[in-house]
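The chains referred to below are lettered A, B, ... by the order of the sequence lines, with proteins before strands, and numbering in each begins at 1.
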Amino acid sequence: MDYNHRSIEQKWQQFWADHQTFKTSESTEKPKYYVLDMFPYPSGAGLHVGHPLGYIASDIFSRYKRLKGFNVLHPMGYDSFGLPAEQYAIQTGQHPAITTETNINRYREQLDNIGFSYDWSREVRTSDPGYYKWTQWIFMRLFEAWYNKETDQAESVNTLIYKFENNGSTGVFAVSDDDVNVFTAEEWKAYSEEEQQHELLKYRLAYLRESTVNWCAALGTVLANDEVINGVSERGGYPVEQKKMMQWSMRITAYADRLLKGLDTVDWPEPLVEMQRNWIGKSVGASVKFPVPQLDTVIEVFTTRVDTIFGVSFIVLAPEHELVADLTTDEQRAEVESYIDKTSKKSELDRMADTKTVSGAFTGSYAKHPLTGEDVQIWIADYVLAGYGTGAVMAVPSGDQRDYLFAKNFGLPVIPISDSQNIEEAADPNKDGRYINSDFINGMTYAEAVPALVERLENLGLGKAKVNFRMRDAIFGRQRYWGEPVPVYFKDGLPYLIKEEELPLLLPEVDKYLPTESGEPPLGRAEGWKYQDEYEYELSTMPGWAGSSWYWLRYMDPQNDTAFASREAVDYWKAVDLYIGGSEHATGHLLYSRFWNKFLKDLGYHNEEEPFKKLINQGMIQGRSNFVYRILDEEGKGTNKFVSLGLKDQYNTIPLHVDVNIVHHDVLNLDGFRKFRPDFSDAEFILENGKYICGAEVEKMSKSKFNVVNPDDIIRQFGADTLRLYEMFLGPLEQSKPWNTNGIEGVYKFLRKIWRLFHDAEGNFVVSDEEPTKAEYKALHKIIKKVEEDIERFSFNTSVSAFMICVNELTD
RNA sequence: GCGGAAGUGGCGUAAUUGGUAGCCGCACCAGACUUAGGAUCUGGCGCCGCAAGGCGUGGGGGUUCGAGUCCCUUCUUCCGCACCA
């Protein structure tokens, strides 16, 4: 008898299931602790050995916290709406719900094998109507809310309507579209229902507006910016074009400041915090208007250096700027159009590679400098981005290097504006000196000049202090089937919410999962799907991140049918104490979740400003591919011979991926190879030292590279405890590293050694009642201290090593 | 270009506070046992050198009694952002 991982693990997993060992309740005197994993999308490929890395760490921590006397909430669920299931449905006609169910069952089986201590009675699935009822409910709250800047929080639109009815639009400080109307209370009351609703839409946190979207014709859907990579869709790599469309959006920009401030209060990895800061991209400056008399309009620019305004020698617009066509004079038209044409053909990659080339075109028109009244040339250039700020900049060649190069290249004036500037060779952006050539700010310092200028501009009505954010509102609609229906119908072209008691608005059946012939989303195919048999429902569905933006709250009270979670549950569990997941969600899920969390707090549904107190990014586990080297003949054709790694340079060879599961310590199992590739069943091998040595390379873990290692296989051979221990032993949790099954024996041997410490030769459990020796006590307490310290600082790898040393000492 | 992380034996790594660099594991080498095995146990294992000894944490410089750790500089790799006005 020896260490039998199979019977041990089966026994205890059964015991946990029978006794509901990990079921959690709120009725306890113990302090609470909430440990959360980022729930997976149940893909058809199942789990590979990289997926559970973070789950193992969080499971260890959960068990540790329970032993420390905490009431630990440690749940798991599935982010089960998503494109792959829909793609599969399009290809096979299989309903995505069925595929999803199958995949979830497979995931569950694999997760169970690993022996996690989840409270499965709290499982959630975002595609479950009982769950998405509340996703829709939150959407309704967002639709019915506006952001009041005075109170710095979201409020019901009723408070806004009240203001409109009593004082009109004066005194309303809201985060909203810039083109809101100005009206009195009387005017408001005189508005038609349609006009009122139209105006309110400009304030709602979930709102409809025409936006330029990333339209992917091949997928028949709109993609978020973060789902488009180098001009093609992240999934599938299909081309993506810019298209104007009525779209649901989320006014996340209302929360920009609070999202930024909150980052100082959370215990998150610094790189992640930095990424969110960059994404939000706050810059403090001023907006300045340059009048264009001949068009009776103004060009608005945003600048962080309003102090340099007297150094402005020209204005640059993005080629896509809406005024470009009107500004272009007939003489310049050909040049401008050809430049726009050239820009639009440039791929993002080209623009990246081309940061040094200066290019642009003069529109032929002039704007008036707001303070000097002088004429300023208006140019277009692709270094100005349509999507940032106003899509226009005031160019100050003496203070900005890109403007400097542009001016030198096109022979435009460079005006020094400070007595401390050196602009012989390059622009000098320093703020240290005193201003020159700058009218009424001459002689002032930077600190004196900025308020003086802002005041002057405000008095002229040509500028104001402004904070600009890089972050834009999030587009919320998707032209897809497999997502939450938006609980909205249309009457006279305006959106209205369905009644709360009509939730959930169930996803209707359709004959096909493709867009309709007229280009409507798949929901347009649902027969007789009309609100009160009369009004069109919204046909787009919610994006993937909708369901995942509040799921940690649902775990607190997952079966509740009258609220997303009961007040008691929410007040008890509060926020997630430890959240473990990948850093790829830095600017998606983690930002949207913080947004929804703050919103629900504003409406008084809970008291937590931040949802995730502490966060850890586990590293990604890459694959380690193995290669065999096929010898080529003189014509470069593959032969039937394969040469071992060390001898391959003597031949002309081509590397072929070989299944890592038939390679052991880089030595190829020849019989295994013949079975793996029956087409090479009569292959010949040139060996070194009697072995065929494979080459190895680190790549993404994927089926096509034959480097996928399935946890089930490892567990069958070595057991879940070995797998868990080995994943932790592999290196620091946060670090990315390739999976390499070589070395797992060391961990397995260690577990066997422990087992043998407490079992006799027949396999009977034997412990003695003898008083332990001093040395034994010392080893015991040393390891208790060490393991505790290591777990507290998430240094699991050193913890495993320490345990091995301890056991070595005891067996010596 | 900007921001971040990281470079330590053949490999994964350790060194928690500036204090014996390389713990633990893999691989490898030698030995024991032997029903010859991809089992188990014992010992060795940074590099050069027979040794004494010397060198050694990407390179160069510095602070310090003392540097893998701190500072400057430089190179490389990975991640994030993309001309941010």
Side-chain angles (χ1 to χ4, degrees), chain A residues 2 225-226 230 269-283 285-288 301-306 308 312 315-318 348-349 351-359 381-385 387-396 399-403 405-406 429 468-471 582-584 586-587 617 619-620 622 624 664-667 669 689 691 696 698 717 725-726 729-732 734-750 752-753 756 785-786 789-790 792-793 795 797-808 811-812:
Chain A
D2 208 345
N225 273 330
D226 33 326
N230 292 331
E270 198 47 41
L272 193 79
V273 169
E274 207 48 43
M275 252 186 259
Q276 289 213 347
R277 279 203 189 104
N278 288 340
W279 186 266
I280 297 166
K282 180 177 182 170
S283 45
S287 87
V288 181
V301 304
F302 174 75
T303 176
T304 52
R305 291 294 304 273
V306 70
T308 64
V312 172
I315 286 179
V316 190
L317 307 185
E348 265 183 65
L349 269 170
R351 279 172 92 155
M352 265 190 257
D354 210 17
T355 54
K356 275 150 210 115
T357 325
V358 179
S359 70
D382 64 5
Y383 78 86
V384 178
L385 304 175
Y388 181 76
T390 59
V393 301
M394 59 179 221
V396 184
D400 183 285
Q401 185 57 21
R402 282 160 321 186
D403 298 345
L405 291 173
F406 197 86
N468 203 48
F469 291 96
R470 196 182 81 98
M471 183 169 69
S583 59
E584 67 272 21
T587 51
N617 291 129
M620 227 209 311
Q622 297 124 310
R624 185 177 182 275
H664 190 75
H665 289 302
D666 289 340
V667 176
N669 174 341
N689 304 326
K691 292 170 182 167
V698 174
Q717 215 184 128
L725 219 45
Y726 185 57
F729 181 71
L730 220 44
E734 292 93 334
Q735 197 172 298
S736 284
K737 57 233 159 193
W739 176 266
N740 191 347
T741 307
N742 300 344
I744 198 167
E745 284 101 337
V747 170
Y748 183 71
K749 278 185 223 165
F750 158 67
R752 194 166 52 191
K753 247 187 203 174
R756 285 178 181 166
K785 181 166 185 284
K786 171 74 176 164
E789 283 169 359
D790 282 348
E792 290 281 359
R793 65 189 177 109
S795 180
N797 55 328
T798 54
S799 185
V800 179
S801 296
F803 224 122
M804 289 181 176
I805 296 167
C806 173
V807 169
N808 284 342
T811 49
D812 277 349

> Which value, in whole Å, describes the distance between the P atoms of nucleotides B:G10 and B:A85?
Replying inline: 47 Å
> Given the P atoms of B:G43 and B:C48, what is the spacing between them in whole Å?
Replying inline: 25 Å
> Can you find a side chain N or O atom of A:Arg624 that sits less than 4.0 Å from OP1 or OP2 on B:G12?
Replying inline: no
> What interatomic distance, in whole Å, is found between P of B:G46 and the corresponding atom of B:A52?
Replying inline: 14 Å
> Which nucleotide in the list B:C41, B:A14, B:A85 gets nearest to the side chain of A:Lys753?
Replying inline: B:C41
>> Considering every strand and a 4.0 Å limit on heavy-atom distances, what is the contact class for A:Asn740: base, sugar-phosphate, or nothing?
In response: nothing
>> Please pick, from B:C24, B:G38, B:G80, the nucleotide with the shortest atom-to-atom distance to any side-chain atom of A:Met275.
In response: B:G80
> Picking from B:A85, B:G38, B:A5, which would you name as closest to the side chain of A:Val384?
Replying inline: B:A85
> Now, which nucleotide makes the Watson-Crick or G-U wobble pair with B:G1, with each of the two distances under 3.5 Å?
Replying inline: B:C81
>> Give me the distance, rounded to whole Å, that separates B:U20 from B:G68 when you measure between the P atoms they each carry.
In response: 10 Å
> Think A:Arg277 has a side-chain N or O under 4.0 angstrom from the OP1 or OP2 of B:C81?
Replying inline: no
> What's the closest nucleotide to the A:Asp382 side chain, out of B:G25, B:U16, B:C83?
Replying inline: B:C83
>> For B:C55, give the paired nucleotide (Watson-Crick: N1-N3 plus N6-O4 or O6-N4; G-U: N1-O2 and O6-N3; both under 3.5 Å), or none.
In response: B:G46
> OP1 or OP2 of B:G80 sitting under 4.0 Å from any side-chain N/O of A:Asn278?
Replying inline: no
>> So if I take every side-chain heavy atom of A:Thr304 and compare against B:A85, B:C26, B:C24, which nucleotide ends up nearest?
In response: B:A85
> What distance, rounded to whole Å, do you find between the two P atoms, one in B:C71 and one in B:A5?
Replying inline: 12 Å
>> What's the closest nucleotide to the side chain of A:His665 if the choices are B:U16, B:C41, B:C26?
In response: B:C26
>> Rounding to an integer number of angstrom, what distance separates B:C70 and B:U63 when you compare their C1' atoms?
In response: 8 Å
>> Over all strands shown, is A:Gln735 touching base, sugar-phosphate only, or nothing at heavy-atom distances under 4.0 angstrom?
In response: sugar-phosphate
>> For a quick check of understanding: with a heavy-atom distance under 4.0 Å over all strands, which category does A:Pro732 fall into, base, sugar-phosphate or nothing?
In response: sugar-phosphate
> Across all strands shown, which nucleotide pairs with B:U69 by Watson-Crick or G-U wobble geometry, both distances under 3.5 Å?
Replying inline: none
> Out of B:G25, B:C84, B:U16, which nucleotide sits closest to the side chain of A:Leu385?
Replying inline: B:C84
> Do the side-chain N or O atoms of A:Arg470 get closer than 4.0 angstrom to the phosphate oxygens (OP1, OP2) of B:C81?
Replying inline: no
> Counting any heavy atom closer than 4.0 Å, what does A:Lys786 reach on the DNA or RNA strands: base, sugar-phosphate only, or nothing?
Replying inline: base
>> Side chain of A:Ser283 only, heavy atoms from C-beta on: which candidate in B:A85, B:U40, B:C26 is closest?
In response: B:A85
>> Side chain of A:Arg793, heavy atoms from C-beta onward: which of B:A14, B:A15, B:C83 has the nearest atom to it?
In response: B:A15
>> Under 4.0 Å from OP1 or OP2 of B:G25: is there any side-chain N or O of A:Asn808 that close?
In response: yes
> B:G10: syn or anti, with syn meaning chi within 90° of zero?
Replying inline: anti
> Of the candidate nucleotides B:U16, B:C41, B:G3, which contains the atom at the shortest distance from the side chain of A:Glu274?
Replying inline: B:G3
>> Side chains of A:Tyr383 and A:Asp403: any donor to acceptor distance under 3.5 Å?
In response: yes
> Hey, is the side chain of A:Lys749 poking within less than 4.0 Å of OP1 or OP2 on B:C26, counting only N and O atoms?
Replying inline: yes
> If we take the P atom in both B:G44 and B:U76, what is their distance in whole Å?
Replying inline: 42 Å
